[in-house]
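To find a chain, count down the sequence lines: A is the first, B the second, and so on, and within it residues start at 1.
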Amino acid sequence: MRAARDSPGNSPRPQLKLSELEFNGIGILMSRIFGIDLGTTNSLIAVSDGGQPRVIADPASGAALLPSVVALAPDGATYVGDEAIALEPQLSVERDGRLSAAELPGGAQGAVIRSVKRYMGRGGAELEEADRRRYTFTEMAGGVARFKVGDRDYTPPQISAAILRALKRRAEAALGGETVDRVVITVPAYFNDGQRQATKDAGRLAGLEVVRLVNEPTAASLAYGLGAQAEGRVAVYDFGGGTFDISILNIKGGIFEVLATNGDTHLGGDDIDRAVAETLLAGLPEATRADRRVWNSARQAAEQAKQGLSTASTAELRLALPGREIVRNLTRAELEQSAAPLIDRTIACCARALADAGLKAAEIDAVVLVGGSTRMPLVGRRVSEFFGRDALCSIDPDQVVALGAAVQAGVLMGTQGDLLLLDVVPLSLGIETMGGVMERVVHRNTTIPTSVAEGFTTAVDNQTHVDIHVLQGERELAQDCRSLARFKLGPIAPQPAGLPRIEVTFLIDANGILNVTARDQRTGREHSVDVKPSYGLTDDAIEQMLEESIDLGEQDIEQRLLIAACNDADQIAAALGKQLRDYGALVEAGERDRIEEVAGRLAAARLGADRELIARLVEELNEITTPFAGRIMDGAIKQALEKKSINEVS
Amino acid sequence: MQAQEPRTLCTTCGAPLGAAIDCFATLGWPRRLAIDRAALERTYHELGRRMHPDRFVAAAPALRDASLRGTARLTQAYRTLGDPVSRGLYWLELHGRKLADNNKEVSPALAEMVFAVQEQLDDLRTVRSVARGGEAETPAGAAETAAIEAEMRTEVEERREELRGAIDAAGRELEANFADWDKAAAESPDGPHEAGGASAPGADARFAELKAILSKIAYLRTLIRDIDRALETAQAA
């Protein structure tokens, strides 16, 4: 794998002088934000040029899609996309699922990993037999699932990061060296908190700032709704390689409001291929069926036949068995028979989403098909039947999500007009209470961002910590829901049981990711919250992976952290400079002096090499500008209400 | 460790009760119970457009944070006031008269309905277990069981429609109660403010009526949920 030329850590940024001048004038030159569809089967990168989104093709091959396939060579080198697929034949399967890679540098073991998205946010304990048949994992109780490749192991975010880096390189090459360091990444709407966090971690590991995660069906609706002055209720049916989502939206006056979402993050075209492969192998002896090569051959044959059957009515299948080859025909009817139960499941999800939105199928104004699996004629038929209308698929179902991500990137840059996305949290969030019952704190399909505060106290005298177990899911018992994290509050000053009053705020941000803060209600003091993700990576683990990663390994870690701190300083200074200019009337007497005094010290520190001092001053600047920020927000509210009352009158 | 009851915070919007920030204030809305949903939505969207974190990506951290928390509060407030039932529950909480989870204020008619539905569902479960258990000795017997089950399902579905109708009726009672509150507030000597309405003559009776309606709706919703589950299980089996 080529070493990345640029990452935020070492990219040449314009040198900013933090002076009063800076505060009154020039803003920072922010890089553009790109949209990425990090798919199970294929990934894409897109950008919005003058309000018009376009997918950035590989400048060498002209391909828009990058296969989400990563090859890990024995020497630790990484190959992505077609390069990885080309290496597949050189990795031969040995016993116990290990891949021998004798022909590659390093000579020991390598692996080719497909559909890594299925493993994002998964715990080692959540792996199934079928997964273990496909890949070798490290034997670790709990924690994050890790692929074992020779002496190395890789978490799913690390594999995904390789795909993200390849997209970044592709775009930078295509755009003549423009830096790609800020992105919007799409995720299945039904992704849980852990899967979302894992996606964000992948971005961070790839040296990208993930400005926003956007749900795939919502992104698709943006691509469709753009320019069309679309209004009305839209159902987005998104059936991809590995995941299924249905989102019901109401689009009005540029506001894309999700009413309800449903889905299955382990249901996609892959599963149809598997179902077909099972029927192909049905008559064969157990020993043959268990052979991984046979299985792979059947799966590939099934995939090709499925694609052919989207237009033809029969397809020829070639199945490689040890020592012989079976050739047979598969009809569309046979394929549809295998796929029908899976498509039934997607329709059941549609019914649940409609019920949650409080709508009937007839009340939907448009249905949109997204994702490669919607190319199957049966899918289009069943969806049209269910909603009682023809479904739209005028935008390439493989590209529409990436295009929508680019539109949202444009919205975030302020170059895409007055669009606003209001999405929802797909799964209920709650806490484990006495007796192992899940008490819901945030219900599914609640608009995000949202926050809920809950009161907690101690159960025994002089208790110094309170443990909170956060869960996600729809079942009534904690054990049937998915564990998200355990939070430890404290230390609490020794008091009789029931006396301490701690207010815990569960905030779900616009990415659908949970943040927890705690405050002592008597003293008003913030409590520290120690987060232990159940199946996620801690900040420290990510930092360590970053240090170990090949791309950044050559660079001195201290140097990298210093540059990162300086970037933070530059950003806050530029942003504050703009705020002071734009909202000068809201600055209180003496406040500007105090802000500029700290900023001056930061500017001085910025010239030195003490990154802890820089970080401390950034934090101080942040703290003293909090009241100013509150006034700006109040002003925005006041303006909106005034505008409203003018509209009401006129 | 468990979540503490009773809470001192608004469970719907998360604001500490009695604090300056409330759902009405967050939306810049007068403290009236009869709300034009479309007008409230326009206000919510207008505020959302200006406050949303999407608009503050390049802002300094403190402003980004203010935008995120402000928008989170806004969506909560809109959800609370947008739906008449949650609005009514919030009104009770706002005045320290939260509807208890295990409230016993059930009218005899409602109690009768609850028993009738539970009995119906029990019967459905019984006949279903007979049908699935394969206890019928002859194909004719199996067909008869299936026919009985289908008939019972239809009856349960009809009952569900009846309950939905009852919820709609309760919704209209709720609107009438809201109108009473607003009328009292407008006539209050303290001016058209909720404080006047809540302390005006007849407030206790209005609170009692509001509680009764909301508790009825809660029961009806639970019954419908039970029916949904029973019918779903039948489908799955």
Side-chain angles (χ1 to χ4, degrees), chain A residues 30 33 211-212 252-253 255 411-414 418 420-422 431 433-434 439 446-459 466-468 498 501 503 505 507-510 521 571-572 575-576 578-579 621-623 625-626 628-630 632-633 636-637 639-641 643-644 647-648, chain B residues 1-16 19 25-29 36 39-79 82-83 228 232 235-236:
Chain A
M30 292 288 252
I33 305 176
V211 184
R212 180 64 43 83
K252 193 159 86 183
I255 293 187
V411 169
L412 297 174
M413 287 186 286
D418 202 17
L420 182 63
L421 268 193
L422 296 172
I431 45 182
T433 59
M434 211 73 107
E439 187 193 301
T446 295
T447 305
I448 52 171
T450 192
S451 65
V452 173
E454 289 272 335
F456 287 86
T457 187
T458 49
V466 172
D467 293 312
I468 302 172
R501 292 203 174 274
E503 179 193 289
T505 302
L507 174 75
I508 300 178
D509 66 17
Q521 270 185 287
Q571 268 178 17
I572 193 174
L576 278 176
K578 188 168 186 312
Q579 255 162 248
L621 203 49
N622 196 21
E623 232 161 78
T625 55
T626 299
F628 179 38
I632 294 173
M633 203 42 61
I637 295 170
Q639 261 187 356
L641 293 176
K643 180 179 177 217
K644 183 210 120 213
N647 288 348
E648 302 283 285
Chain B
M1 185 58 236
Q2 69 185 101
Q4 184 203 358
E5 291 283 345
R7 297 192 192 94
T8 51
L9 307 163
C10 168
T11 50
T12 8
C13 88
T26 301
L27 281 152
W29 202 262
D36 173 356
L40 188 73
E41 188 187 51
R42 279 196 299 276
T43 303
Y44 163 59
H45 283 164
E46 200 50 57
L47 285 165
R49 272 185 209 279
R50 287 171 194 258
M51 295 168 71
H52 199 274
D54 280 7
R55 300 282 185 261
F56 295 91
V57 164
L63 186 51
R64 283 207 306 266
D65 194 59
S67 145
L68 174 59
R69 288 180 192 281
T71 307
R73 215 162 40 226
L74 176 71
T75 55
Q76 279 288 356
Y78 174 66
R79 194 171 42 261
D83 172 59
D228 285 344
E232 244 173 59
Q235 214 91 58

Under 4.5 Å, counting heavy-atom pairs only, tell me which of A:I508, A:T450, A:T625, A:T447 racks up the most with chain B.
A:T450

Checking A:V211 against chain B: side chain, backbone, both or neither under 4.5 Å from a heavy atom?
side chain

Residues B:R50 and A:A636: closest non-hydrogen pair is CD-O, 3.6 Å

Heavy-atom check, side chain of A:D509 versus side chain of B:P53, under 4.5 Å:
no

Do B:R49 and A:I255 make a side-chain contact, defined as non-hydrogen atoms from C-beta onward lying under 4.5 Å apart?
yes

When you measure from the side chain of A:Q579 to the backbone N and O of B:A59, does any donor-acceptor pair fall under 3.5 Å?
no

Side chain to side chain, B:R69 and A:S451, heavy atoms closer than 4.5 Å:
no

Distance in Å, A:L641 CG paired with B:T43 OG1, rounded so as to fall on 0.5 Å steps:
7.0 Å

Looking at A:P449, is its backbone amide N or carbonyl O close enough to the side chain of B:T75 to form a donor-acceptor pair, meaning the two atoms are under 3.5 Å apart?
yes

Pick one of side chain, backbone, both or neither for A:L412, based on which atoms fall under 4.5 Å of a heavy atom in chain B.
both

Calculate, to the nearest 0.5 Å, the distance between atoms NZ and CG belonging to A:K578 and B:L63 respectively.
10.0 Å

First locate atom CD of A:Q639, then atom CD of B:E46, and finally report the distance between them rounded to the nearest 0.5 Å.
10.0 Å

Reported CD1-to-CG distance for the pair A:I637 and B:L74, which is rounded to 0.5 angstrom
8.0 Å

Could you grab the distance from atom NE2 of B:H52 to atom CG of A:L422, nearest 0.5 Å is fine?
5.5 Å

Can you name the nearest heavy-atom pair linking A:A575 to B:A58, along with the distance?
CB-O, 3.4 Å

Drop me the distance from B:D65's CG to A:N622's CG, to the nearest 0.5 angstrom.
8.0 Å

For A:D418, is there an ion pair with B:R55 - N to carboxylate O distance below 4.0 angstrom?
yes

